[in-house]
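What follows is one structure encoded as structure tokens, with my remarks underneath.
Quick caveat: nothing in here was measured; it's all calculated off a predicted structure. Just so it is clear: chains get the letters A, B, ... in the order the sequence lines come, proteins before strands, and each one is counted from 1.
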2 protein chains.
Amino acid sequence: MRSPTIRDVARVAGVSKSLVSLVFTGGGTVSEERRLRVLHAAEQLGYRPNLVAQSLSAGRRDIVAILVSNLHNPLFAEIVGAAKARLAAAGRRTVILSAQVDDGAGGAVLDRDNIDVLRDLRPSGLIAVGTIPEFAELSELTAAIPTVVASAIDATQDVVAAVRTDDAAGLDLVVAHLAAQGVERVAFVGGDGGTVAAARERAFVAAAERRGFGAHAWVERADFSEAGARSAVARLVAEDRLPQAVVAVNDVTAVGVITALEAEGVAVPSGCRVVGYDGTTLAAIPRISLTTVDPDNRRIGREAAEALLAAPGVAAPGSPGAGGAGADRASAFAGRAGAGAGADHADRSIGEVLIPPTLVVRASA
Amino acid sequence: MRSPTIRDVARVAGVSKSLVSLVFTGGGTVSEERRLRVLHAAEQLGYRPNLVAQSLSAGRRDIVAILVSNLHNPLFAEIVGAAKARLAAAGRRTVILSAQVDDGAGGAVLDRDNIDVLRDLRPSGLIAVGTIPEFAELSELTAAIPTVVASAIDATQDVVAAVRTDDAAGLDLVVAHLAAQGVERVAFVGGDGGTVAAARERAFVAAAERRGFGAHAWVERADFSEAGARSAVARLVAEDRLPQAVVAVNDVTAVGVITALEAEGVAVPSGCRVVGYDGTTLAAIPRISLTTVDPDNRRIGREAAEALLAAPGVAAPGSPGAGGAGADRASAFAGRAGAGAGADHADRSIGEVLIPPTLVVRASA
DNA sequence: ATGAAAGCGCTAACAT
DNA sequence: ATGTTAGCGCTTTCAT
């Protein structure tokens with residue numbers, strides 16, 4: 001019924017509670033004989049330390065929490081998976097939670113219950129994946145726990161590092177590609193809807209400037225929604241300002257742009273090229289076939305974990321008896337990853353790790 | 001720094017720990033005066049009960065866990081959101097966890113860490129959303145906690161209820177629609193890859209039978225992958241058995257089928273119609289424009305919550321002082337929901353709640 | 001109606 | 001090297 005506790009193990013092994021704890025924590029010095037006895041008893045009983053009790057006890061905390069923006073974007077799954085894998089290799093346990101849920105209607109709200117358990121679990125580190133609108137409200141958390149944000153900016157206050165795609169490099173790839181194709185007039189659709197959007201807008205403007213587009217490159221404001229893309233395109237068409245190419249803030253918006261263009265009777269890519277950002281599976285569907293920037297999400301996840309492991313205060317792992325967790329392989333925190341591509345044109349603050357993206361060319365451009 | 005504990009509140013309010021607990025638990029009888037004093041002190045201190053401590057204390061457990069199959073399918077977000085909303089209305093707190101993560105490579109594995117915290121949190125109920133491949137391994141959990149599965153079958157052993165789309169009704173809608181369009185030869189692509197796939201296959205066969213398709217309706221085995229859909233279609237074309245319509249096990253597969261058909265030079269819908277299942281946003285993209293069955297995911301989530309609330313052992317809520325959680329609004333567990341559509345042709349076991357779906361007709365069929 | 005005390009499962013000084 | 005003790009923050013008898 002009730003799962004076995006440390007006490008049960010102690011009784012069966014004929015030792016004290018503390019000794020069992022010591023064995024599982026890996027800390028102290030335990031005689032080989034007793035160690036084996038304890039391990040054996042634990043095995044026999046099917047004992048597994050209670051995480052909740054562990055964390056309440058405020059003791060060793062080899063738990064790292066991964067907070068995912070929401071359940072909607074499959075993009076996050078890759079980042080989370082990669083981060084978890086790296087953390088596991090370093091002997092950390094991870095608990096993955098989502099920051100937002102859908103409310104009854106169409107919107108999303110901060111999931112306070114989830115945030116509460118996260119907080120009460122007292123993880124030794126936190127990785128926030130994706131943009132979390134109310135991130136500022138989590139300052140209580142981020143102040144107390146070493147935090148790194150992945151695939152977002154929100155490098156507000158007490159964030160150890162922000163690991164994300166090098167927007168500047170990515171948009172430079174895009175603009176260069178378009179220029180090489182003879183495109184002379186290009187619009188960026190996006191910019192509203194968070195810091196990432198703003199950063200991409202800035203990166204676009206800089207890239208277009210550098211490539212000599214001058215006034216022939218401009219920004220058409222839109223948020224991430226389908227409707228936003230639609231009305232931006234409608235404006236372009238109505239005011240007869242249709243460019244030869246649209247660079248969208250991300251893939252979802254790009255699809256919205258394609259939809260809107262075609263609804264306005266503009267063919268893609270012949271009438272107007274479209275490029276996205278994120279390298280989602282959506283872009284790969286032949287019917288969509290969207291040229292996009294692949295941010296290398298796996299790597300983003302991995303580096304985020306790396307950055308966290310390198311942070312001070314993220315305690316060392318334990319449970320040597322447990323499995324083959326293995327020692328922390330000397331976290332080789334690269335510091336600056338994006339050194340290869342477009343290293344010159346990024347406004348990086350301390351702790352910003354930029355991952356160089358690649359361009360995936362498909363039919364849409 | 002350290003967040004205030006029950007002790008701090010007690011001290012400030014000038015009462016004992018127990019009294020504070022009583023106030024927050026809502027149980028006992030506390031004098032109005034002290035109640036206010038406690039509430040005020042708590043407010044002033046910013047006190048919030050520690051969930052972890054609460055659950056360790058094995059006491060009241062108004063926490064319900066929602067276990068999401070994985071982070072990939074945006075479909076789940078709707079179900080989870082709806083379930084959470086209903087649970088919140090009944091005064092339960094929810095913690096949402098994912099069951100699987102991506103491993104380093106392309107696969108997905110059971111996230112044992114997450115399962116562990118779930119277990120140690122000792123929720124009073126569990127809602128499993130989506131098909132969890134290793135669900136059987138969770139029997140330890142499901143045996144101890146009232147569980148309902150949503151949008152999956154896995155009604156293995158000790159599951160209180162399984163709330164899902166009425167596949168029979170859904171596929172009947174599809175087959176009827178195709179028949180009305182004059183389709184005479186139709187293939188189902190799918191069937192491999194879990195109980196849901198198998199159930200839909202059976203439902204298809206039954207519906208085709210009922211509509212008199214006889215030998216002109218058959219099943220082309222495929223799993224959920226793009227590659228599976230591709231090879232199934234390749235087989236159809238190679239053996240010159242191309243039907244006038246393909247019914248896919250879900251939207252993702254349907255998109256794979258469209259891709260494969262077009263790669264083989266078959267136009268959709270003129271050369272072959274295609275229908276999906278799930279009502280995802282993918283299907284709504286004009287470039288895809290997939291006719292699909294909308295399972296009403298919101299309702300699935302809501303009913304799952306309802307079923308859980310109706311289950312014995314799912315304790316009543318508490319925290320009367322906290323906010324406006326409100327009393328449990330007499331959970332009106334409908335028992336059988338799918339009574340309206342295709343109620344005759346479903347093999348329903350005890351506790352199965354079938355939600356009637358609707359057909360969304362688009363360009364693909 | 002209120003407080004004292006025991007205990008949830010665990011860790012961490014502190015003693016031996 | 002091992003056991004004893006005192007918590008972590010909370011709920012819950014059991015007295016009063």
Compare side-chain N and O positions of [X] against OP1 and OP2 of [N] and report whether any pair is under 4.0 Å apart.
X     : N      : result
A:Q54 : C:dC10 : no
B:S55 : C:dC8  : no
B:R34 : C:dG3  : yes
B:S18 : C:dT2  : no

Starting the side chain at C-beta, find the nucleotide from [options] nearest to [X].
X     : options               : result
B:T5  : C:dG3, D:dT2, D:dG9   : D:dG9
B:R7  : C:dG3, D:dC8, C:dC10  : D:dC8
A:A53 : C:dA6, C:dG9, C:dA1   : C:dG9
A:S16 : C:dC10, D:dT4, C:dT2  : D:dT4
B:T29 : C:dG9, C:dA12, C:dA1  : C:dA1
B:S21 : C:dT11, D:dG3, D:dT11 : D:dT11
A:N50 : D:dT11, C:dA1, C:dG9  : C:dG9

Given atom [atom1] of [X] and atom [atom2] of [N], what is their separation to the nearest angstrom?
X      : N      : atom1 : atom2 : result
B:L19  : C:dA4  : CG    : C1'   : 13 Å
B:L22  : D:dG9  : CG    : P     : 20 Å
B:I63  : D:dC10 : CD1   : P     : 13 Å
A:F24  : C:dT11 : CZ    : C1'   : 14 Å
B:L56  : D:dG9  : CG    : P     : 12 Å
B:D116 : C:dC10 : CG    : P     : 12 Å
A:I6   : C:dG7  : CD1   : P     : 17 Å
A:R122 : C:dC10 : CZ    : P     : 16 Å

Taking 4.0 angstrom as the limit, do [X] and [Y] come out as a salt bridge?
X      : Y      : answer
B:R37  : B:E33  : yes
B:R112 : B:E137 : yes
B:K84  : A:D103 : no
B:R11  : B:D8   : yes
B:R92  : A:D113 : no

- Would you say the base of C:dA12 and the side-chain of A:S57 have a donor-acceptor pair closer than 3.5 Å?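 Such a pair does not exist between side chain and base.
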- Query: How about B:I132 and B:L67: do any of their side-chain heavy atoms sit closer than 4.5 Å?
  - Reply: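 With C-beta onward as the side chain, the pair touches.
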- Answer with base, sugar-phosphate or nothing: what part of the nucleic acid does B:V52 contact at a heavy-atom distance below 4.0 Å?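 If one applies the 4.0 Å heavy-atom cut-off, B:V52 turns out to touch nothing in the nucleic acid.
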- Message: Judged by each residue's nearest nucleotide on DNA chain C, which is more toward the 5′ side, B:G14 or B:K17?
- Response: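 Result of the comparison: B:G14.
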